[in-house]
Amino acid sequence: MQELDTDITVLGGGIVGVCCALSLQQAGMKVSLIDGRGVGEGCSRGNAGHFATEQILPLATPGLLWKIPGMLMDPLGPVAIRWAYLPHIAPWLVRFMLNTREASYNRSGKALQALNAASLPAWRRLLAGTGEESQIRVNGSLLTFERNASFQSYQTTLDTLRTRGVKTQVLNGAQARELEPGLGATVKHGVFFPETGHTANPYHLTRTLGALFQSRGGTVLNKMVNSATPTTEGVQLHCDGDQIRVPKLVLAAGAWSKPLVKQLTGKSIPLDTERGYHLMLRNAGASLSIPVTSAERRFIMTPMSEGLRLAGTVEFGGLKQPANMRRATMLATHARALLPGLDDAQGETWMGFRPSLPDSLPVIDRVGERRQIILAFGHQHLGLTQAALTGELVRQLATDQTPTIDLQSLRLSRF
């Protein structure tokens with residue numbers, strides 16, 4: 001039995017876990033971080049790099065129920081289900097559909113609005129004085145429309161976003177091309193979101209913050225945790241050939257959190273995995289200056305230091321089935337339709353696991369008989385966006401402060 005010399009341990013080395021570790025460290029705690037894959041080696045390595053503060057509407061929108069069957073028929077469409085996985089995902093889908101009801105939709109939307117509005121200020125606080133402030137570029141993002149009908153149907157959403165405080169600027173096709181000259185004539189309309197941002201390398205950002213955590217005295221252990229047990233002294237972690245006892249635990253294990261929550265709390269949660277794909281075009285980094293999303297094609301293009309990253313497709317297939325890299329390579333076809341001069345000769349594919357709950361909200365809570373367990377997982381598409389804020393909320397829970405965001409909608413007890 002190994003007993004760590006630590007006040008609190010974070011389980012999970014993705015961007016959320018690293019931000020939690022740094023924030024706890026800033027409160028004067030002795031912090032350790034554990035991840036068997038290494039810091040930043042999961043979903044944080046290949047995400048779209050977009051600080052998507054404009055995405056305040058839950059994915060389970062009213063009226064979506066009748067569109068789902070058609071969306072799932074195309075195995076290379078923007079949303080797909082591995083048919084062998086359908087029996088496993090069916091309960092999650094039922095709960096997702098129930099969240100399309102107006103009351104559930106509005107409740108989740110209110111919580112998302114609060115989280116995203118506070119996210120970039122939290123990032124600025126986290127990076128202040130580190131010399132890494134330039135890793136976040138708040139230059140806005142662009143949503144494009146190739147069909148007039150799509151743009152017209154977006155008007156209700158646009159009105160909702162404006163009502164809820166999201167700043168927008170409507171552009172015609174020529175104005176969109178003035179903003180991003182590489183866009184082709186197929187783009188007829190655009191909506192510019194001036195208060196969103198992106199990072200040129202999300203993996204580098206996560207690794208840099210991990211190194212900063214260690215330079216300030218934090219401990220990183222590369223151990224795979226197979227199970228966890230609450231005890232009267234804290235939490236016991238069971239690793240390959242080893243056991244570790246810690247006084248307090250922050251669970252930020254992303255898509256791998258479900259069995260650990262069951263072991264720690266006895267509660268089975270509807271957490272599943274959206275398998276996200278990207279295609280990195282090494283020769284196309286100068287094609288855009290800001291992230292550009294296609295409303296019809298449902299993918300995003302983000303300029304990065306290593307090239308142009310195409311991302312955004314969703315596949316439900318769990319954690320064990322092999323990747324279908326056709327879902328990544330097909331993104332080049334979509335990108336060429338928007339960027340006629342695109343150089344897509346050199347592309348690298350990737351797949352990662354997004355931790356998804358059916359109401360589009362994370363779990364941020366403090367539980368356990370001795371309140372020795374803090375939960376911080378399930379951020380779905382918004383892990384990068386909400387990571388620094390999650391770190392602040394975890395610190396507030398750990399130090400018995402009143403959270404700056406109402407956590408009622410984020411409690412474990414909602415399931």
Side-chain angles (χ1 to χ4, degrees), residues 10 12-24 26 40 42-59 107-127 135-138 141 161 164-166 193 195-199 202 205-206 209 250-255 257 271 274 276 291 300 302 311-312 352-366 374-398 403-412 414:
V10 178
I15 189 64
V16 171
V18 169
C19 285
C20 288
L22 268 174
S23 190
L24 292 164
Q26 289 174 347
C43 199
S44 298
R45 185 182 184 97
N47 64 59
H50 178 34
F51 294 89
T53 54
E54 83 284 9
Q55 294 182 16
I56 62 169
L57 303 181
L59 298 181
R107 183 170 56 251
S108 295
K110 183 179 179 180
L112 278 175
Q113 180 181 352
L115 288 169
N116 282 7
S119 288
L120 279 178
W123 268 110
R124 293 189 183 99
R125 289 190 292 272
L126 182 70
L127 295 178
Q135 289 212 41
I136 298 180
R137 307 172 184 180
V138 185
S141 62
L161 293 177
R164 298 185 181 185
V166 176
F193 298 96
E195 295 184 341
T196 63
H198 74 283
T199 180
L205 174 62
T206 307
L209 295 180
V250 176
L251 178 59
S257 298
L271 179 72
E274 291 183 28
I300 184 171
T302 306
F353 303 101
R354 302 186 189 106
S356 299
L357 290 158
D359 58 2
S360 298
L361 296 174
V363 171
I364 303 176
D365 200 359
R366 186 173 179 180
I374 298 177
L375 307 174
F377 63 87
H379 293 76
Q380 205 161 21
H381 299 259
L382 296 171
L384 178 66
T385 304
Q386 298 171 358
L389 176 62
T390 299
E392 289 188 352
L393 295 171
V394 164
R395 182 182 69 222
Q396 290 160 3
L397 289 173
T404 52
I405 299 289
D406 183 2
L407 299 183
Q408 190 58 44
S409 297
L410 312 181
R411 301 285 186 193
L412 179 66
R414 75 184 193 262

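Positions are given from 1 along the sequence.
Residues Val16 and Gly383 approach most closely at CG2-O, 3.8 Å, considering heavy atoms. Of all non-hydrogen atoms in Ala255 and Pro355, the two that sit nearest each other are N-CB, 3.4 Å. Listed here is the closest heavy atom pair of Val18 and Gly13: CG2-O, 3.6 Å. Among all heavy-atom pairs drawn from Leu126 and Ala388, the shortest one is CD2-CB, 4.1 Å. Residue Arg411 comes nearest to Arg366 through the heavy atom pair NH1-N, 4.4 Å, listed as atom of the first residue, atom of the second, then distance. Between Pro291 and His50, the shortest heavy-atom distance links the atoms CG-ND1, 4.1 Å.
Other residues, nucleotides and ligands place no more than 12 heavy atoms under 6.0 Å from the CZ atom of Arg137.
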Verdict with supporting geometry, Leu115 and Leu410, side chain to side chain contact (heavy atoms under 4.5 Å, CB included): CA-CA 10 Å; Leu115 288 169; Leu410 312 181; 4.1 Å; yes
Test log, rule side chain to side chain contact (heavy atoms under 4.5 Å, CB included), inputs Gln135 and Leu209: CA-CA 11 Å; Gln135 289 212 41; Leu209 295 180; over 6 Å; no
Working for side chain to side chain contact (heavy atoms under 4.5 Å, CB included), residues Gln396 and Leu407: CA-CA 11 Å; Gln396 290 160 3; Leu407 299 183; over 6 Å; no
Worked verdict on Leu397 versus Ile364 for side chain to side chain contact (heavy atoms under 4.5 Å, CB included): CA-CA 9 Å; Leu397 289 173; Ile364 303 176; 4.1 Å; yes
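Contact check for Leu57 versus Leu112: no side-chain heavy atoms found under the 4.5 Å cut-off. When side chains are defined from C-beta on, Glu274 counts as touching Leu59, because their heavy atoms get closer than 4.5 Å. Counting heavy atoms from C-beta on, the side chains of Thr404 and Leu393 come closer than 4.5 Å. A 4.5 Å side-chain heavy-atom check between Thr385 and Gln55 finds every atom pair outside the cut-off. The shortest distance between side-chain heavy atoms of Pro202 and Ile15 does not fall below 4.5 Å.
Between atom CD of residue Glu392 and atom SG of residue Cys19 there is a gap of 9.5 Å, rounded to the nearest 0.5 Å. Once rounded to the nearest 0.5 Å, the distance linking CZ of Arg124 with OG of Ser119 reads 11.0 Å. Here the straight-line distance linking atom CD of Gln408 with atom NZ of Lys110 works out to 11.0 Å at 0.5 Å rounding. To the nearest 0.5 angstrom, Thr199 atom OG1 is 5.0 Å from Leu205 atom CG. Interatomic distance, CG of Asn47 versus OG1 of Thr206, reported as 7.0 Å (0.5 Å rounding). Here CZ of Arg354 is found 14.5 Å from NE2 of His379. Values are rounded to the nearest 0.5 Å.
Not one N or O on the side chain of His198 forms a donor-acceptor pair closer than 3.5 Å with the backbone of Ile136. Formation of a donor-acceptor pair under 3.5 Å by the Thr390 side chain with backbone atoms of Gln386 is found in this model. Using a distance-only test at 3.5 Å, with no hydrogens or angles considered, no donor-acceptor pair links the side chain of Ser23 to the main chain of Arg395.
Residue Ser141 forms a side-chain hydrogen bond (donor to acceptor under 3.5 Å, both in side chains) with just one option from Thr196, Thr53, Thr302, and that option is Thr196.
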